[in-house]
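Comments concern the structure below.
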Amino acid sequence: MRAFSYDRPDSVDAALRGVANQPGTTTEAAVKFVAGGTNLLDLMKADVMRPDRLVDISRLNLDKIEEVDGGGLRLGALARNSDTAYDARVQARYPMLSKAILAGASAQLRNMATNGGNLLQRTRCYYFYDTGTPCNKREPGTGCGALTGVNRIHAILGASDHCIAVHPSDMCVALAALEAIVRVTGPKGERTIPFADFHRLPGDTPHIDSTLAADELITAIDLPAKGFAEHSTYLKVRDRASYAFALVSVAAALELDGQTIRTARLALGGVAHKPWRDPAAEAELAGKPASLENFREASRVLLRDAKGQSHNAFKIGLAERAIVRALAEAAGVEHP
Ligand SMILES: Cc1cc2nc3c(=O)[nH]c(=O)nc-3n(C[C@H](O)[C@H](O)[C@H](O)COP(=O)(O)OP(=O)(O)OC[C@H]3O[C@@H](n4cnc5c(N)ncnc54)[C@H](O)[C@@H]3O)c2cc1C
């Protein structure tokens with residue numbers, strides 16, 4: 001492990017001063033925040049990330065879960081994943097989110113992991129972790145080991161010739177379906193980022209994961225009032241029943257008038273560089289009966305541009321079946 005310096009500021013202003021004057025986005029920054037440390041410290045030990053300085057934000061007063069005007073909830077960036085998942089309001093009003101968080105990692109990790117850190121956790125692509133192989137995400141311009149290598153866990157949607165890595169988070173898939181808002185603060189003051197604009201597709205700059213600037217801090221994540229509590233679910237398909245990342249996951253949320261779908265939200269995990277949403281697939285369901293046939297049609301629309309690599313084409317059929325099953329579960333429709 002390389003030498004680095006370490007600060008532990010006691011206020012948001014001091015934390016911002018710690019990362020001030022860095023150009024570019026947070027993934028490119030030489031001075032990094034550390035919260036629970038469950039991702040960043042692993043990456044430093046593996047020599048994948050090499051910050052000069054860590055600014056430890058774990059003691060800042062950003063760990064509350066609070067009501068907001070209009071009926072939503074504000075999840076503090078430093079609230080632990082387990083405290084968020086077991087919060088009685090989250091469980092009652094956003095059960096899909098609670099289920100998604102609890103589908104991730106292990107109890108010990110969720111006790112350390114924070115909400116802000118979860119958003120910025122990095123891909124689990126083997127080539128990203130293996131410093132002996134090329135990886136445009138780790139070392140821009142070196143190539144993509146996964147394209148011609150083992151790519152079983154990789155993207156089927158939104159990939160580029162430069163990167164086929166996927167975003168690994170479960171929590172973020174539910175947040176995408178809920179249309180959460182990320183609240184950040186930086187030298188120019190506060191701003192909000194709609195969840196759909198927070199993560200990026202790889203294009204020709206796959207080393208940049210998100211639109212967060214290097215000198216900005218996530219302070220909270222706002223959940224809108226609409227939580228789809230009655231008809232929603234999170235389904236995660238993985239190689240082991242626990243302690244494994246998603247091959248494919250689905251956050252499915254419906255508003256029903258009887259058996260007719262008024263609104264549908266669908267987000268997929270494990271398939272792209274960011275949680276994947278597609279308005280065309282959601283529009284396909286609106287106004288239609290909640291039936292297996294209509295769920296299958298929506299899954300075909302959502303996956304119309306899916307493209308398999310040499311080892312992961314199975315994900316296309318898997319995603320199709322997972323979407324149908326998740327929508328059926330959310331709607332309370334019997335599924336064979
Ligand atoms: C063995 C293992 C299995 C796992 N399995 C899963 C799984 O199945 N599903 C899943 O979703 N996750 C899984 N995880 C990932 C885990 O959820 C993340 O490591 C965790 O959420 C990261 O949170 P943290 O607070 O520890 O982040 P840190 O490691 O402290 O930070 C991660 C990144 O976020 C930045 N950061 C943190 N907080 C802020 C902030 N407030 N503002 C700006 N930048 C910030 C840091 O600079 C860093 O770049 C697993 C992790 C491990 C180690």
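Whatever order the structure lists ligands and atoms in, that order sets their numbers, starting from 1.
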**Asked** Ignoring hydrogens and geometry, is there a side-chain-to-backbone donor-acceptor pair from Lys274 to Ser210 under 3.5 Å?
**Response**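 No, Lys274 side chain to Ser210 backbone: no donor-acceptor pair under 3.5 Å.
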Show me the donor-acceptor pairs within less than 3.5 Å that the side chains of residues 4-15 make with the rest of the protein, sequence neighbours left out.
from, atom 1, to, atom 2, distance (Å)
Tyr6, OH, Asp56, OD2, 2.4
Asp7, OD2, Arg53, NE, 3.2
Ser11, OG, Ala14, N, 3.1

**Request:** Count the heavy atoms of every other residue, nucleotide or ligand shown that sit under 6.0 Å from CD of Glu334, and state whether that count exceeds 12.
**Result:**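 Atom CD in Glu334 is not packed in, count stays at 12 or less.
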**Complete:** Nearest heavy-atom contact between His273 and Pro206 is NE2-O, 3.8 Å
**Message:** If I take atom CD from residue Gln91 and atom CG from residue Leu102, how far apart are they, to the nearest 0.5 angstrom?
**Reply:** 7.5 Å
**Shell of residues surrounding ligand 1, defined by a 4.0 angstrom heavy-atom cut-off that is strict** = Lys32, Phe33, Val34, Ala35, Gly36, Gly37, Thr38, Asn39, Leu40, Asp42, Ile57, Ala77, Asn81, Gly104, Ala105, Leu109, Ala113, Thr114, Gly116, Gly117, Asn118, Leu120, Gln121, Arg124, Pro168, Ser169, Asp170, Leu212, Leu217, Ile218, Lys236, Tyr243, Ala244, Phe245
**Centroid-centroid distance, Phe198 to His167, less than 6.0 Å** = no
